Amino acid sequence: VQLQASGGGLVLVGGSLRLSCTASGRTSNDYTLGWFRQAPEKEREFVAAIRGVGGGTYYADSVKGRFTISRDNPKNTVYLQMNSLRPEDAAVYYCALRERRIIAGLVHNSIYYDYWGQGTQVTVSS
């Protein structure tokens with residue numbers, strides 16, 4: 001499985017970006033896809049995830065109400081719509097995929113994901 005993340009860029013505070021992550025290879029619609037981010041000198045942190053079974057969505061408290069994760073199964077693509085961006089949202093964003101089912105309580109933990117994309121840079125300027 002390969003993941004291709006795209007959509008990052010430079011945006012002003014309060015602006016919006018939409019990230020995309022396309023999975024190729026042997027996947028089923030049961031996969032869970034998560035977005036994580038890592039800012040300089042900080043640890044990687046969970047942003048959002050969407051499960052294949054039932055399509056449940058999960059968000060970090062810091063992005064609730066501003067970010068929306070969605071998926072297009074025929075395209076094997078997951079999107080992260082980011083609105084009202086803040087300087088603290090600046091980071092490299094990574095998408096990650098888990099092929100097997102996962103319980104909701106574990107989607108925030110990066111160790112449960114099997115594959116990772118290359119990352120896409122999001123810069124928020126004031």
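Quick caveat: nothing in here was measured; it's all calculated off a predicted structure. Index from 1, following the sequence.
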Within this structure, what is the [atom1]-[atom2] distance for the pair [X] and [Y], rounded to the nearest 0.5 Å?
X     : Y     : atom1 : atom2 : result
Leu17 : Asn83 : CG    : CG    : 9.5 Å
Thr57 : Arg71 : OG1   : CZ    : 11.5 Å
Leu85 : Leu12 : CG    : CG    : 10.5 Å
Tyr79 : Ser6  : OH    : OG    : 9.0 Å
Ser16 : Met82 : OG    : CE    : 8.5 Å
Tyr31 : Asn73 : OH    : CG    : 5.5 Å

*asked:* Apply side-chain contact (heavy atoms from CB on, under 4.5 Å) to residues Leu80 and Phe67 and explain how you reach the verdict.
replied: CA-CA 7 Å; Leu80 183 68; Phe67 291 11; 4.2 Å; yes
Side-chain polar contacts of residues 105-113 - donor-acceptor pairs under 3.5 angstrom, sequence neighbours left out - could you list them?
unit_1: His108; atom_1: ND1; unit_2: Gly105; atom_2: O; d: 3.1
unit_1: Asn109; atom_1: OD1; unit_2: Ile111; atom_2: N; d: 3.1
unit_1: Tyr113; atom_1: OH; unit_2: Val107; atom_2: O; d: 2.6

*List the steps and the verdict of side-chain contact (heavy atoms from CB on, under 4.5 Å) for Val78 and Asp72.*
CA-CA 6 Å; Val78 173; Asp72 183 336; over 6 Å; no
Within-4.5 Å side-chain heavy-atom neighbours: [X] and [Y]:
X     : Y     : value
Ser24 : Val1  : no
Tyr58 : Phe46 : yes
Asp30 : Glu99 : no

Considering non-hydrogen atoms only, spot the tightest contact between [X] and [Y] and give its length.
X      : Y     : value
Val122 : Gly8  : CG2-CA, 4.2 Å
Ala39  : Ala91 : N-CB, 3.8 Å
Ala23  : Leu97 : CB-CD1, 3.8 Å

_Pairs flagged by disulfide bond (SG atoms under 2.5 Å apart) wherever residues 96-126 is involved - sequence neighbours left out_ = none
*Hey, could you give me each pair passing disulfide bond (SG atoms under 2.5 Å apart) that has a residue in residues 73-126? Not counting sequence neighbours.*
Cys21-Cys95
_Verdict with reasoning, Thr77 to Ser20, per side-chain hydrogen bond (donor to acceptor under 3.5 Å, both in side chains)_ = CA-CA 7 Å; Thr77 298; Ser20 300; over 6 Å; no
*asked:* Checking Ser84 now: which residues fulfil side-chain contact (heavy atoms from CB on, under 4.5 Å) with it, not counting sequence neighbours?
replied: Arg66
*Kindly write out the residues that satisfy side-chain contact (heavy atoms from CB on, under 4.5 Å) with Glu45, not counting sequence neighbours, or none if the list is empty.*
Arg37
*Path from Val63 to Phe36 over hydrophobic side-chain contacts below 4.5 Å*: no
_Assigning hydrophobic clusters by single linkage (Ile, Leu, Val, Met, Phe, Trp, Tyr; side-chain heavy-atom cutoff under 4.5 Å), is Tyr115 placed with Val47?_
yes
*Do other residues, nucleotides or ligands put more than 12 heavy atoms under 6.0 Å from Glu43 CD?*
no
*asked:* Counting only heavy atoms not in Gln121 (residues, nucleotides, ligands), do more than 12 fall under 6.0 Å from its CD?
replied: yes
*asked:* Is the ring pair Tyr94/Trp116 parallel, tilted or perpendicular, if the boundaries are 30 and 60 degrees?
replied: perpendicular
Between [X] (side chain) and [Y] (backbone), is there a donor-acceptor pair under 3.5 Å?
X      : Y     : answer
Gln118 : Ala5  : yes
Thr32  : Arg51 : no
Tyr59  : Ile69 : yes

_Working note: Thr120 + Leu19, criterion side-chain contact (heavy atoms from CB on, under 4.5 Å); need CA distance, chi angles, decisive distance, verdict._
CA-CA 8 Å; Thr120 185; Leu19 306 184; 4.0 Å; yes
*Would Asp89 and Arg86 pass as an ion pair if we require N to O under 4.0 Å?*
no
*When you look at Arg100 and Asp114, which way does the salt bridge (Lys or Arg N to Asp or Glu O under 4.0 Å) test go after all the steps?*
CA-CA 9 Å; Arg100 295 162 294 169; Asp114 307 304; 3.7 Å; yes
_Partner residues of Lys75 under the salt bridge (Lys or Arg N to Asp or Glu O under 4.0 Å) criterion, sequence neighbours left out_ = none
